[in-house]
Amino acid sequence: MKDTNTETKPEKVGTTEAAFLLNISTARLRLLLRQGRLKGAKKVKRFWVIPLNGRGMPEITPGRRGPQGTWNKGFRTGNTFIHVLRREIDHNRDHGTSFPAISVKQGDRNDRCHEAEILGNCKIVYRPHKPNRSQAGGARLWVEVEPDVEIIRKFFRDTELDENQPQGSS
């Protein structure tokens, strides 16, 4: 029987993704790169290519002096929050634009997209009197996803959105 599991983790990442995985700033990561402390990291033209270990994390060699490093040594924890941006939807309607109106907040990272496919368990939370302050304005309705669940973000061009619009609507 064939294995149909298509979930693949990247073997190499750039500086932004590596800093996110380690839960450190990109400036700190660049300092570690200059010191040669990331195992297997190579500079290709202007960009760093950083390999991941078996746990999906960049490996940092310990320094010679100072305190022990406090970077993240395991997988990121903390739920992912997905918000529908009502103001962006109103702006798109009023101005005929199609800016992404879905916000996917994962740790310190906040990506916007047109469609979010959740590949696992999630829950929809509505708290009218206790809003989620992780978003500006405090969302009262959001989708909460466990940290190990993969989310596929999709983006569309304006022409693709117009083609999918039902005939006779404007």
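Reckoned from all heavy atoms, side chains included, excluding hydrogens, waters and symmetry mates. Just so you know, these numbers come straight off a predicted model, no measurement behind them.
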What's the verdict on side-chain contact (heavy atoms from CB on, under 4.5 Å) for R112 and L85, showing C-alpha distance, side-chain angles and the deciding distance?
CA-CA 9 Å; R112 291 187 176 196; L85 306 172; 3.5 Å; yes
If you apply the rule side-chain contact (heavy atoms from CB on, under 4.5 Å), what do you find for V104 with T80, and how did you get there?
CA-CA 7 Å; V104 180; T80 300; 3.7 Å; yes
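With sequence neighbours excluded, the residues satisfying side-chain contact (heavy atoms from CB on, under 4.5 Å) with A101 are E88, I89. Every side-chain contact (heavy atoms from CB on, under 4.5 Å) that R86 has, sequence neighbours left out, goes to D90. Residues satisfying the side-chain contact (heavy atoms from CB on, under 4.5 Å) criterion with C122, sequence neighbours excluded, are I118, V143, V145.
Side-chain contact check for C113 versus K154: every heavy-atom pair is 4.5 Å or farther apart. Residues V13 and V49 form no side-chain contact, since every pair of their non-hydrogen atoms from C-beta on lies 4.5 Å or further apart. Residues L141 and V125 have side chains not in contact (no heavy-atom distance under 4.5 Å, counting atoms from C-beta outward). Residues W142 and R127 are in side-chain contact: their nearest non-hydrogen atoms beyond the backbone lie under 4.5 Å apart. Inter-residue side-chain proximity for K123 and E144 is flagged as met; some heavy-atom pair is nearer than 4.5 Å. Using a 4.5 Å cut-off on side-chain heavy atoms (C-beta onward), L52 and E11 make no contact.
Once rounded to the nearest 0.5 Å, the distance linking CD1 of I151 with CD1 of I82 reads 4.0 Å. T15 contributes atom OG1, which lies 6.5 Å from atom CZ of R30 (distance to the nearest 0.5 angstrom). From I50, atom CD1 reaches atom CG of L38 across 5.5 Å, with rounding to the nearest 0.5 Å. Remark: N110 CG to K105 NZ distance equals 5.0 Å, nearest 0.5 Å. Rounded to the nearest 0.5 Å, atoms CZ (R34) and CH2 (W48) are 9.5 Å apart. Note that the CD1 atom of I60 and the CZ atom of R28 stand 7.5 Å from one another [nearest 0.5 Å].
The hydrophobic cluster containing L31, built from Ile/Leu/Val/Met/Phe/Trp/Tyr side-chain heavy atoms closer than 4.5 Å, comprises no other residue. The hydrophobic side chain of F47 is isolated, with no ILVMFWY side chain under 4.5 Å apart from it.
At most 12 non-hydrogen atoms from other residues, nucleotides or ligands lie less than 6.0 angstrom from CD1 of I124. In the displayed structure, N121 atom CG is contacted under 6.0 Å by at most 12 heavy atoms of other residues, nucleotides or ligands.
Using modelled atom types, one finds no donor on one side chain facing an acceptor on the other under 3.5 Å when comparing D111 with S103.
With H95 contributing its side chain and H91 its backbone, the two residues share a donor-acceptor pair below 3.5 Å. A donor-acceptor contact shorter than 3.5 Å is absent between the side chain of R37 and the backbone of L32.
Here salt bridge (Lys or Arg N to Asp or Glu O under 4.0 Å) pairs that include residues 38-49, with residues two or more places apart or in two chains, are K39-E59.
Of all heavy-atom pairs between M57 and L21, the closest is CE-O, 3.1 Å.
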